[in-house]
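Note that the numbering runs from 1 along the sequence shown for the chain. Hydrogens, waters and symmetry mates play no part in the numbers below; they use all other heavy atoms, side chains included. Here the structure is a predicted model, which is why all the values come from computation and not from measurement.
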Amino acid sequence: MSEKITGAEGLIKSLIAEGVDLVFGYPGGAIIPVYDKLYSYTDQLKHILVRHEQGATHAAQGYARVTGRPGVVIVTSGPAATNVITGLSDALMDSTPLVVITGQVASSFLGSDAFQETDVVGITQPITKWAYQIRRAEDIPWAVARAFYIANSGRPGPVVLDIAKDAQTGMLEWTHKKCEYIRSYIPYPKINDKDLQTVADLINAAERPMLISGHGVMISGAEKELVALAEKADIPVTSTLLGLSTVPSAHPLYKGMLGMHGNIGPNVNTNRCDLLVAVGMRFDDRVTGDTSKYAKQAKIVHIDIDSSEFDKNIKTTATIHGDAREVLSRLLPLVKEAKHTEWLKTFDEMAEVERKKVVEREVFPKEGLMTMGEVVNKVSTATGDNAVLVTDVGQNQMFSSRYFRFTQPKSILTSGGLGTMGFGLPASIGAKMGAPERTVCFFTGDGGLQMTIQELGTILEYGTAVKIILLNNNFLGNVRQWQELFFGSRFSQTPLINPDFVAIANAYGIAAENVETRDQLDDAIARMLKHDGAYLLNVNIDPTDMIFPMTPAGAAVDDIMLTPTEKFAL
């Protein structure tokens with residue numbers, strides 16, 4: 001039975017009907033009717049008041065990535081709508097489901113350059129799965145249902161609903177019907193049996209197979225199926241940055257991360273394997289390096305729910321278009337048991353070289369200032385390798401991705417495709433709100449933290465118990481590394497004069513301390529993890545610390561630097 005209510009109330013009720021219980025946002029003039037109605041629904045729909053609209057999108061991303069449910073954002077028009085652009089673009093590149101609701105001037109003012117009017121749909125169409133302007137109250141339930149279906153089906157991504165103010169104040173007969181079908185939109189394609197058999201035959205014939213686990217494995221919840229396939233056929237598994245935690249770090253078949261700062265074994269053996277099976281990844285340039293020199297000796301299989309990724313960057317031998325979990329489940333019975341003992345040994349041999357040449361230096365330094373690697377390793381150990389890792393972007397991202405370890409899925413949140421500095425702090429807030437039972441450790445640099453540092457106010461208001469590890473080298477460290485290696489050590493605009501981060505944290509009611517020397521580190525980590533609320537460790541890091549191994553941009557994946565002057569050689 002329908003009821004007559006305002007469009008604003010219809011929006012709130014539609015969100016609740018879609019199972020939403022938490023939204024991130026910031027009020028303003030063109031969205032006031034929605035916030036007025038929200039006042040009466042606080043027992044059903046909790047609103048998190050962020051300190052900047054960009055922070056709302058990143059917090060919603062963090063929530064979505066740990067829960068698997070769409071993150072929801074509500075903001076006003078004009079500058080608020082333009083402030084969500086970075087988060088929308090980040091979510092599209094990293095396949096994160098978001099529903100972002102923006103206020104808009106009344107429909108009679110559209111096109112008149114009214115106060116805080118912006119062409120939200122025009123701006124956001126290229127960076128969303130769907131962007132739609134609502135001008136009538138009666139269209140709100142339909143649009144909301146459609147938005148959630150699009151955002152969270154197939155390859156997930158962000159959706160924008162731009163709601164005119166008169167649509168919010170107008171009346172409608174409210175009913176809610178979930179959207180389960182859109183003509184010409186096929187989010188879950190029917191898997192071709194012939195394709196499955198072709199790929200199974202390739203796996204069964206391979207002598208040196210390698211699996212790449214991408215973010216799509218995590219999105220589809222295919223972690224168990226991937227491990228089962230690897231174990232049955234004795235295939236080494238590597239991961240992309242966003243595929244981390246899909247396989248436990250300690251699993252004997254897990255051989256590490258691919259990419260510019262990935263592990264030596266996976267990168268070198270990319271150009272030695274005879275079969276490369278990529279699941280839920282897009283062959284990003286940070287993974288492939290020079291595509292003309294990428295896995296030319298191998299047959300390449302690509303499994304993905306988005307067929308537009310096939311042959312986009314790397315030419316394939318075979319593809320399977322479908323959801324990763326369903327594909328792997330159906331592939332498993334077709335694959336024969338096998339052993340690849342000698343092939344697996346090659347990964348272990350290169351891991352030993354990496355341990356001696358890189359890990360010992362980065363994680364277990366015997367003297368000098370602290371390194372990022374040793375801090376990450378100690379925090380991971382202190383959490384029992386069970387925490388959710390959130391990173392910002394830069395050296396802190398690469399060090400923490402390399403040396404943080406994982407025992408369960410959905411345990412990493414990082415900005416992969418867009419590389420958004422400032423992502424980490426609000427994302428860690430959303431992650432903790434989405435998984436309050438888990439420890440959330442957020443690693444950041446002094447540059448990235450200051451991009452969204454105002455979100456410490458959100459932690460103050462809601463008491464979000466995020467553990468913040470600031471790897472402070474008084475530099476924009478990643479750019480500094482490139483300047484030293486490739487631009488003659490001309491450190492143009494990368495040194496930072498930083499504030500007293502502990503004093504700032506304390507001003508926001510957050511416990512904090514400086515860690516200036518190595519002998520202070522263990523006790524400081526223990527205090528941070530024991531503390532009930534949010535905590536910030538400002539750790540003094542060697543400003544010359546650099547992240548290796550490194551495949552220079554544009555080089556082949558097996559062209560690997562171990563130090564500024566030494567390359568990997570067999």
Side-chain angles (χ1 to χ4, degrees), residues 22 24 48 55 57-71 90-91 94-98 213 215 217-219 221 223 239-250 254 257 372 375-393 396-416 420 422-444 448-449 452 455 458-459 462-471 510 525 528-537:
L22 185 73
F24 302 88
I48 303 300
T57 57
H58 295 327
Q61 285 178 274
Y63 177 87
R65 296 262 282 270
V66 298
T67 64
R69 299 162 57 192
D90 194 294
D94 286 351
S95 304
T96 306
L98 294 186
S213 180
H215 191 204
V217 173
M218 187 185 302
I219 292 169
E223 294 90 349
S239 79
T240 65
L241 173 64
L242 292 179
L244 288 169
S245 82
T246 53
V247 180
S249 302
Y254 180 67
M257 181 177 71
M372 294 188 187
V375 178
V376 173
N377 177 62
K378 284 180 177 290
V379 173
S380 185
T381 299
T383 64
D385 302 332
N386 284 319
V388 175
L389 167 66
V390 183
T391 87
D392 210 86
V393 168
N396 66 87
Q397 178 185 37
M398 293 294 99
F399 273 108
S400 55
S401 298
R402 279 180 55 81
Y403 297 118
F404 210 83
R405 294 171 296 277
F406 308 99
T407 57
Q408 55 185 306
K410 288 186 172 63
S411 292
I412 182 168
L413 283 80
T414 191
S415 175
T420 305
F423 168 88
L425 180 58
S428 68
I429 294 170
K432 185 62 179 176
M433 290 179 174
E437 74 288 353
R438 299 193 65 186
T439 299
V440 174
C441 292
F442 163 47
F443 288 86
T444 185
L449 180 63
T452 52
E455 298 309 330
T458 307
I459 292 177
Y462 299 99
T464 315
V466 174
K467 310 304 180 185
I468 305 168
I469 304 95
L470 171 55
L471 302 172
I510 297 169
I525 291 171
M528 174 185 71
L529 295 176
K530 186 178 180 180
H531 184 71
D532 286 338
Y535 206 99
L536 182 144
L537 293 185

Which residues pass the side chain to side chain donor-acceptor pair (under 3.5 Å) test with [X], not counting sequence neighbours?
X	result
Thr458	Glu455
Tyr403	Glu362
Arg69	Tyr63
Asp385	Ser380, Arg405

Minimum heavy-atom separation for [X] and [Y], please, with both atom names.
X	Y	result
Gly62	Leu413	CA-CD2, 3.1 Å
Ala534	Ile459	CB-CG2, 3.6 Å
Ser411	Ser245	N-OG, 3.2 Å
Gly71	Ala64	N-CB, 3.7 Å

What distance separates [X] [atom1] from [Y] [atom2], expressed to the nearest 0.5 Å?
X	Y	atom1	atom2	answer
Thr444	Leu471	OG1	CG	8.0 Å
Ile468	Phe442	CD1	CZ	6.5 Å
Thr407	Asn386	OG1	CG	3.5 Å
Thr464	Ile48	OG1	CD1	7.0 Å
Gln397	Asp392	CD	CG	8.0 Å
Leu241	Thr414	CG	OG1	5.0 Å

Checklist line | Heavy-atom side-chain contact between Ile412 and Met218 under 4.5 Å | finding: yes

Check: Can you find a pair of side-chain heavy atoms, one from Val375 and one from Phe399, that are under 4.5 Å apart?
Finding: no

Next item on the list: Answer with yes or no whether the side chains of Thr391 and Ser400 bring together a donor and an acceptor at under 3.5 Å.
Entry: no

Notebook entry, point to check: By salt bridge (Lys or Arg N to Asp or Glu O under 4.0 Å), which residues pair with Lys378, not counting sequence neighbours?
Noted result: Asp522

Just jot down the side chain to side chain contact (heavy atoms under 4.5 Å, CB included) partners of [X], sequence neighbours excluded, or say none.
X	answer
Ala91	Gln61, Thr96, Leu98, Pro158
Ala387	Thr383, Phe404, Thr439, Cys441
Ile219	Ser95, Pro156, His215
Val247	Leu226, Val227, Val237, His251, Tyr254

Extract all donor-acceptor atom pairs below 3.5 Å that involve side chains of residues 422-433 and protein atoms in other chains or at least two apart in sequence.
{"from": "Ser428", "atom 1": "OG", "to": "Gly424", "atom 2": "O", "distance (Å)": "3.3"}
{"from": "Ser428", "atom 1": "OG", "to": "Leu425", "atom 2": "O", "distance (Å)": "2.7"}
{"from": "Lys432", "atom 1": "NZ", "to": "Pro436", "atom 2": "O", "distance (Å)": "3.0"}
{"from": "Lys432", "atom 1": "NZ", "to": "Arg438", "atom 2": "O", "distance (Å)": "2.7"}

Next item on the list: Would you check if the side chain of Glu223 reaches a backbone N or O of Lys410 as a donor-acceptor pair within less than 3.5 Å?
Entry: no

Next item on the list: Carefully, step by step, assess Val390 and Arg65 under the rule side chain to side chain contact (heavy atoms under 4.5 Å, CB included).
Entry: CA-CA 11 Å; Val390 183; Arg65 296 262 282 270; over 6 Å; no

